[in-house]
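Step one of this worksheet: look at the structure below.
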Protein chains: 2
Amino acid sequence: MRYQDGYREQKRKELLKQAGETAKARGFAATGIDALAQAAGVTSGALYAHFGSKAGLLDALVTNEMERSRARWARRPEQSPDAWMAEELARYLSRAHVDMPEKGCLMPSLAADIARAPEATRRIFEDQLSRAQAEIAERLGDADEAWQFLSRIVGAMVLARAVASVDVQDEILKANRTSGGR
Amino acid sequence: MRYQDGYREQKRKELLKQAGETAKARGFAATGIDALAQAAGVTSGALYAHFGSKAGLLDALVTNEMERSRARWARRPEQSPDAWMAEELARYLSRAHVDMPEKGCLMPSLAADIARAPEATRRIFEDQLSRAQAEIAERLGDADEAWQFLSRIVGAMVLARAVASVDVQDEILKANRTSGGR
DNA sequence: GTCTATATATTGATAGAC
DNA sequence: GTCTATCAATATATAGAC
């Protein structure tokens, strides 16, 4: 029993990682359960055994991916607010993040999917996002600034990925890495 | 001939308006051609006659919707940069815009779909977005600030729509309407 | 230019074997 | 827990009538 639970949990994490990569790259609504399962090396039956439905998979994906993002932002607690922000802007608004959505943050890839998902899913996302904002606000000493930081980085990544040329992508990234704002 | 062209153009605009509303509300990849056509009061055959393919419809949608957004931003050329920005932040980051994606800006709704579309589509979007940025930059007197403005409003709307509660939605909107940024 | 009918593929989900 | 097989529904797209 305990052994089985251990396996189940480990396998679940593994499926979430692989399905998450595929969903972030190709979109959640736009990708079928079969494709999500195939990317994780299983068939659809396995995904249904773990998550019950496609909606259930999205819920689990949101929790898993957002916890991962929050863990990244939580590092280096000794830094000054300005140094932390400069470093996080550089890390998040990077060329690699534009080019590899499958390895990146859930929000620029799937926030629009979440916005169209049932309320239960949006509550899960809200809980995770609020925690992230609270953690960042504590660091920066300002709640509004934390929301502005999150909005800016997500918006910049969304726009950069939607344009065709590397030049304009870099323009968007660079403009948002520098400080400013009226 | 001239009469027929006139009808065609008018009907095309009409189809774009209705299909655009449905696509913004329900997602482009997530919505079938039949649903897009039905929302416009026609059948799929009519959409194919006008746009050739689903991809062709998205291309036309991007042009049409972005030109509409640019026209909104272009109003009130006599205002001071600060007054213009304050007014545009209030207009864009409004409760109504969160609640009615079908009436709102294409970007928070469909940028993720565009990011996954063929390069031709992304080039069309890039052209429109670059024009918008240039127009805003001329007004604000700063190119980077124009990118930051666009990133911030798109990101804030994307996040606000993805959370469940009106309270957190309002938090995000309010924080991004006030000035600030490091 | 728009309709209906249709072709082929894929969707989310379930049942039963192992 | 995962597979294969299968369901009804829906996907994009095309053909031919009007």
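So that the names make sense, note that chain A is the first sequence line, chain B the second, and so on, each numbered from 1.
Nearest nucleotide to the side chain of B:Arg8, out of C:dG1, C:dC3, C:dA13: C:dG1. Considering only the side chain of A:Ala46, D:dC3 comes nearest among D:dG1, D:dA13, D:dC3. Taking the side chain of A:His50 as heavy atoms from C-beta on, and the options C:dA13, D:dT2, C:dT2, the nearest nucleotide is D:dT2. Comparing C:dC3, D:dG1, D:dC3 by their closest approach to the side chain of A:Thr43 singles out D:dC3. For B:Tyr48, taking side-chain heavy atoms from C-beta onward, the closest of the listed nucleotides D:dA13, C:dT2, D:dG1 is D:dA13.
Across residues 21-40 of chain A, A:Thr31, A:Gly32, A:Ile33 each have a non-hydrogen atom less than 4.0 Å from an atom of DNA chain C (numbered order). A heavy atom lying under 4.0 Å from DNA chain D marks the following residues of residues 53-65 of chain B, by number: B:Ser53, B:Lys54.
Remark: the backbone N or O of B:Gly155 is not paired with any side-chain donor or acceptor of A:Arg152 at under 3.5 angstrom. Although no hydrogens or angles enter the test, the distance criterion places a donor-acceptor pair under 3.5 Å between the side chain of A:Gln148 and the main chain of B:Ala175. The backbone N or O of A:Leu106 lies less than 3.5 Å from no partner atom in the side chain of A:Ser109, so there is not a single donor-acceptor pair. B:Glu126 contributes a side-chain N or O that, together with a main-chain N or O of A:Ala164, makes up a donor-acceptor pair within less than 3.5 Å.
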**OP:** Toss me the dot-bracket line for DNA chain D: Watson-Crick and G-U wobble, both under 3.5 Å, 5' to 3', using | for pairs to another strand and [ ] for crossers.
**Re:** ||||||||||.|||||||
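Across B:Arg26, B:Gln18, B:Glu21, a single residue satisfies side chain to side chain contact (heavy atoms under 4.5 Å, CB included) together with B:Glu102, and that is B:Glu21.
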**OP:** Please report the C-alpha distance between B:Asn176 and B:Ile153 in whole Å, then the side-chain angles of each, then the deciding distance to 0.1 Å, and finally whether the side chain to side chain contact (heavy atoms under 4.5 Å, CB included) criterion is met.
**Re:** CA-CA 7 Å; B:Asn176 278 288; B:Ile153 62 175; over 6 Å; no
**OP:** Please lay out, stage by stage, how B:Arg139 and B:Glu135 fare under the test side chain to side chain contact (heavy atoms under 4.5 Å, CB included).
**Re:** CA-CA 6 Å; B:Arg139 210 186 264 273; B:Glu135 288 158 8; over 6 Å; no
Subject >> Residues A:Asp113, A:Thr121; criterion side chain to side chain contact (heavy atoms under 4.5 Å, CB included); working and verdict >> reply: CA-CA 10 Å; A:Asp113 280 296; A:Thr121 308; over 6 Å; no
Original post:
Do B:Lys24 and B:Glu65 pass the side chain to side chain contact (heavy atoms under 4.5 Å, CB included) test, and can you show the C-alpha distance, the side-chain angles, and the key distance before you say yes or no?
Top reply: CA-CA 10 Å; B:Lys24 286 187 288 182; B:Glu65 295 281 338; 2.8 Å; yes
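Nucleotide D:dG1 holds its P atom 12 Å from the CD atom of A:Glu9, rounded to whole Å.
Using bins of under 30°, 30° to 60° and over 60° for the plane-to-plane angle, the ring pair A:His97/A:Tyr92 lands in the perpendicular bin.
Salt-bridge check for B:Arg123 with B:Asp127: failed, with every basic side-chain N at 4.0 Å or more from each acidic carboxylate O.
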